[in-house]
Amino acid sequence: LPRKGGKFSPIDWKAANAKADELIRRITDEIDVTARINTLTAAQQQLVEIAKAMSRNMKVLVMDEPTSALNRVETEQLLKIVKNLAAEGIGIIYISHRMDEIFQISDRIQVMRDGKSVSSFLTSEVDEERIVREMVGRTLDSMYPHTKQTPGECILKVEHLTCGKAEDVSFRLHRGEILSLFGLMGAGRTSMVRGLFGDRYIRSGSIEILGKTTRNRSPKEAIQNHIAYVPNERKLEGLMLTDTVRFNISISVVDILKKFLKVDKKAEEQITEHWIEKLGIRTPSGETKVVSLSGGNQQKVVLAKWLLSKCKVLILDEPMVGLDPKQILEMRDLIRELSVEHTILLSSHILSEVSAVCDHIMIISGGKLAASGSPEELQERMQGRTKMEVVVLGEKEQAEEILQGIGQIISCMIEPAEESGSIRIELDVADNADIRKELSVALAGAGMPILSMNRQERTLEDIFLELTGEAAQEAECMRA
């Protein structure tokens with residue numbers, strides 16, 4: 001910080017703000033350097049961290065899971081900044097388990113497993129399947145959807161629930177079923193599951209557990225009604241990090257373990273060892289501090305605590321955030337095993353997590369239910385539509401005018417492309433409609449050269465992003 005005089009003189013805030021503004025402008029024009037940090041989004045806070053590092057004339061920047069709390073648009077913005085920093089000659093060590101990001105920005109990939117370096121590749125000479133195989137030490141067969149259980153009786157019935165951002169949401173959860181709440185961060189998923197656990201005020205609606213109506217006015221009442229909640233912030237809300245594995249697991253049944261006003265240590269140790277073995281928790285012993293465990297093993301400790309309470313409904317809020325691919329596969333396997341005896345409600349914004357383990361999916365957008373069904377049913381809903389991507393030189397307004405005159409276009413999205421002066425047009429086209437010739441003639445006639453044109457089938461990810469409304473952030477849908 002610059003000072004007006006000597007070492008102990010007042011800080012020159014005018015000069016400090018000017019220097020900070022100069023640094024942040026190298027990255028973005030959207031941040032006021034005089035704003036309080038807690039008023040910024042997670043993405044903006046990441047950019048402030050980068051600017052702070054730049055103030056020290058860094059030569060190497062280490063980024064550890066920088067996009068873990070960002071949505072797709074924010075992630076793309078951050079990755080562009082990382083590329084620009086690399087182009088300026090700054091070395092980037094980018095730590096991540098997100099394959100799309102790694103392949104988008106890296107030149108070389110160093111793979112680690114169990115604390116050891118196992119392989120190294122040039123990014124251009126390897127594919128995602130090989131990288132993941134090196135990371136997890138097994139093939140990718142286990143990454144495909146599980147064999148579904150046949151749902152049993154209705155365990156949880158929610159009618160017209162309004163809580164926090166969630167509005168008028170209804171669903172039923174059956175024994176042996178894994179139901180997912182899928183949506184972007186801020187969509188209202190967490191408000192709803194916290195309401196079910198008694199941690200948010202429910203403004204209206206009803207909750208039935210095994211036919212018994214309840215309001216769950218507190219977590220204590222929810223626990224008495226056999227509902228368990230694994231929070232998305234496990235380190236802040238799910239664990240006592242400075243205590244032992246034994247303490248964190250047994251705390252949910254400490255009243256049962258009491259013997260003459262004291263906890264039966266022998267019984268407590270036996271229970272701890274049982275769950276360490278059953279869930280495969282990697283820890284030197286039950287006396288190990290939880291803070292020293294990996295993210296995946298910490299998550300298993302939280303699960304053990306609630307499974308010990310004999311819950312009927314297990315709510316998992318972002319259960320795989322912060323886990324590496326090997327831990328994610330282990331957690332998926334564990335969730336599938338638990339679904340045999342438990343009813344699971346899984347809230348997540350990660351598509352692969354949802355589609356790989358869930359029997360039924362509810363898509364939440366803006367606090368409301370946008371769609372629901374199995375992954376296969378949601379895919380079928382979008383049959384009859386094909387996606388095209390066209391990159392042309394020209395202006396957005398000119399392209400919109402041309403597209404309005406072409407039939408069989410269901411909707412479109414237009415955004416700037418990487419090439420200077422070009423735009424990317426993403427089209428939903430009626431199935432079996434080949435509009436390439438008509439589109440090419442129309443664009444050429446308007447003096448808009450086509451740089452590329454690709455036609456591809458819509459993926460499940462395309463469907464989910466459309467239903468959550470993310471694809472409409474920068475585009476206007478037009479009916480033909």
Side-chain angles (χ1 to χ4, degrees), residues 114 146 149 155 175-176 178 193-194 196-199 219-220 222-259 263-324 326-348 353 357:
D114 297 331
H146 67 301
Q149 303 291 332
I155 301 295
R175 187 183 302 277
I178 304 177
V193 295
R194 283 184 175 273
L196 294 174
F197 189 62
D199 192 41
K220 181 179 180 180
I223 293 169
Q224 290 172 343
N225 288 321
H226 306 291
I227 293 181
Y229 174 59
V230 177
N232 55 352
E233 293 283 357
R234 59 178 173 270
K235 292 184 179 181
L236 294 177
E237 302 174 312
L239 295 165
M240 283 162 277
L241 293 174
T242 57
D243 277 303
T244 63
V245 172
R246 169 182 53 80
F247 182 84
N248 275 274
I249 289 177
S250 64
I251 193 171
S252 63
V253 291
V254 68
D255 289 339
I256 299 174
L257 292 172
K258 281 183 179 178
K259 189 175 183 181
V263 174
D264 186 338
K265 293 293 183 182
K266 185 175 181 180
E268 185 183 28
E269 290 171 358
Q270 289 175 343
I271 287 173
T272 301
E273 291 303 317
H274 168 77
W275 285 101
I276 287 175
E277 181 179 353
K278 184 170 183 176
L279 299 187
I281 302 172
R282 295 189 181 90
T283 176
S285 73
E287 299 307 307
T288 301
K289 302 288 187 184
V290 170
V291 69
S292 66
L293 304 184
S294 68
N297 287 299
Q298 288 179 351
Q299 194 73 300
K300 290 178 182 179
V301 171
V302 181
L303 282 170
K305 173 182 68 178
W306 287 120
L307 294 174
L308 188 55
S309 71
K310 298 182 180 179
C311 59
K312 302 293 185 183
V313 178
L314 181 59
I315 301 174
L316 307 177
D317 193 359
E318 302 284 5
M320 301 179 202
V321 166
L323 307 188
D324 63 37
K326 184 177 181 180
Q327 293 170 339
I328 288 173
L329 290 179
E330 290 177 351
M331 188 58 61
R332 285 180 184 174
D333 291 342
L334 180 57
I335 291 172
R336 293 167 189 163
E337 291 174 12
L338 293 176
S339 69
V340 177
E341 299 179 2
H342 297 81
T343 301
I344 297 175
L345 179 61
L346 189 154
S347 172
S348 177
E353 181 178 316
V357 299

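- Put simply, the side chain of His274 never gets that close to the backbone of Gln270: no donor and acceptor are under 3.5 Å apart.
- Taking 4.5 Å as the limit, every side-chain heavy atom of Met331 sits out of range of all side-chain heavy atoms of Ile328.
- With rounding to the nearest 0.5 Å, the separation of CG in Asp243 from CD1 in Ile251 is 7.5 Å.
- Aromatic ring pairs are classed by plane angle as parallel below 30°, tilted from 30° to 60° and perpendicular above 60°; the pair Tyr229 and Phe197 is tilted.
- At distances below 3.5 Å, not a single donor-acceptor pair connects side-chain atoms of Lys305 with backbone N or O atoms of Val253.
- Closest of all the heavy-atom pairs between Val302 and Gly238 is CG2-O, 3.8 Å.
- With Leu345 as the partner, the side chain to side chain contact (heavy atoms under 4.5 Å, CB included) test is satisfied by one option alone out of Leu314, Leu316, Leu196: Leu196.
- A distance-only check finds a donor-acceptor pair linking the side chain of Gln298 to the backbone of Val290 [under 3.5 Å].
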### Query
Which is it for Glu337 and Arg332 under the salt bridge (Lys or Arg N to Asp or Glu O under 4.0 Å) test, yes or no, and what are the steps along the way?
CA-CA 9 Å; Glu337 291 174 12; Arg332 285 180 184 174; over 6 Å; no
### Task
Applying side chain to side chain contact (heavy atoms under 4.5 Å, CB included), run through Asp333 and Ile335 and close with a yes or a no.
CA-CA 6 Å; Asp333 291 342; Ile335 291 172; over 6 Å; no
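- Contact between Gly198 and Pro219 at its shortest, heavy atoms only, is O-CD, 3.3 Å.
- Panel note: side chain Asp264, backbone Lys266; a donor-acceptor pair is recorded below 3.5 Å.
- With sequence neighbours left out, Glu233 forms a side chain to side chain contact (heavy atoms under 4.5 Å, CB included) with Leu236, Glu237.
- Separation of atoms OG (Ser285) and CZ (Arg246) is listed at 9.5 Å; rounding is to 0.5 Å.
- Partners of Glu318 according to the salt bridge (Lys or Arg N to Asp or Glu O under 4.0 Å) rule, which considers only residues two or more places apart in sequence or in another chain, are Arg189.
- No side-chain heavy atom of Ile223 sits under 4.5 Å from any side-chain heavy atom of Lys220.
- For the pair Pro231/Asp317, no side-chain contact is recorded, criterion being any heavy-atom separation below 4.5 Å from C-beta on.
- Within the 3.5 Å criterion, the main-chain N or O of Pro319 finds a donor-acceptor partner in the side chain of Gln299.
- In terms of heavy atoms, Glu268 sits closest to Ser250 at OE2-OG, 2.6 Å.
- Closest approach of Gly286 to Thr272, counting heavy atoms only: CA-CG2, 4.1 Å.
- Within the model, atoms CG of Leu329 and CG of Leu334 stand 12.5 Å from one another, a figure rounded to the nearest 0.5 Å.
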### Chi angles and distances behind the side chain to side chain contact (heavy atoms under 4.5 Å, CB included) call for His342, Cys311
CA-CA 8 Å; His342 297 81; Cys311 59; 4.2 Å; yes
### Task
Could you check Thr242 against Val291 for side chain to side chain contact (heavy atoms under 4.5 Å, CB included), going step by step and ending with a plain yes or no?
CA-CA 6 Å; Thr242 57; Val291 69; 5.8 Å; no
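- When atom types are taken as modelled, the side chain of Lys300 and the backbone of Gly280 share a donor-acceptor pair closer than 3.5 angstrom.
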### Task
Would you sort out whether Thr244 and Glu287 count as a side chain to side chain donor-acceptor pair (under 3.5 Å), showing the intermediate values?
CA-CA 5 Å; Thr244 63; Glu287 299 307 307; 4.6 Å; no
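- Lys312 places no side-chain N or O within 3.5 Å of a backbone atom of His226 that could act as its donor or acceptor partner.
- Between Ile276 and Val245 the shortest side-chain heavy-atom distance falls below 4.5 Å.
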### Chi angles and distances behind the side chain to side chain contact (heavy atoms under 4.5 Å, CB included) call for Lys265, Leu257
CA-CA 8 Å; Lys265 293 293 183 182; Leu257 292 172; over 6 Å; no
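- Judged by distance alone, the side chain of Asn248 and the main-chain N or O of Met240 form a donor-acceptor pair under 3.5 Å.
- Counting heavy atoms from C-beta on, the side chains of Ile344 and Leu338 come closer than 4.5 Å.
- The main-chain N or O of Leu293 is never found under 3.5 Å from a side-chain atom of Asn297 such that the two would form a donor-acceptor pair.
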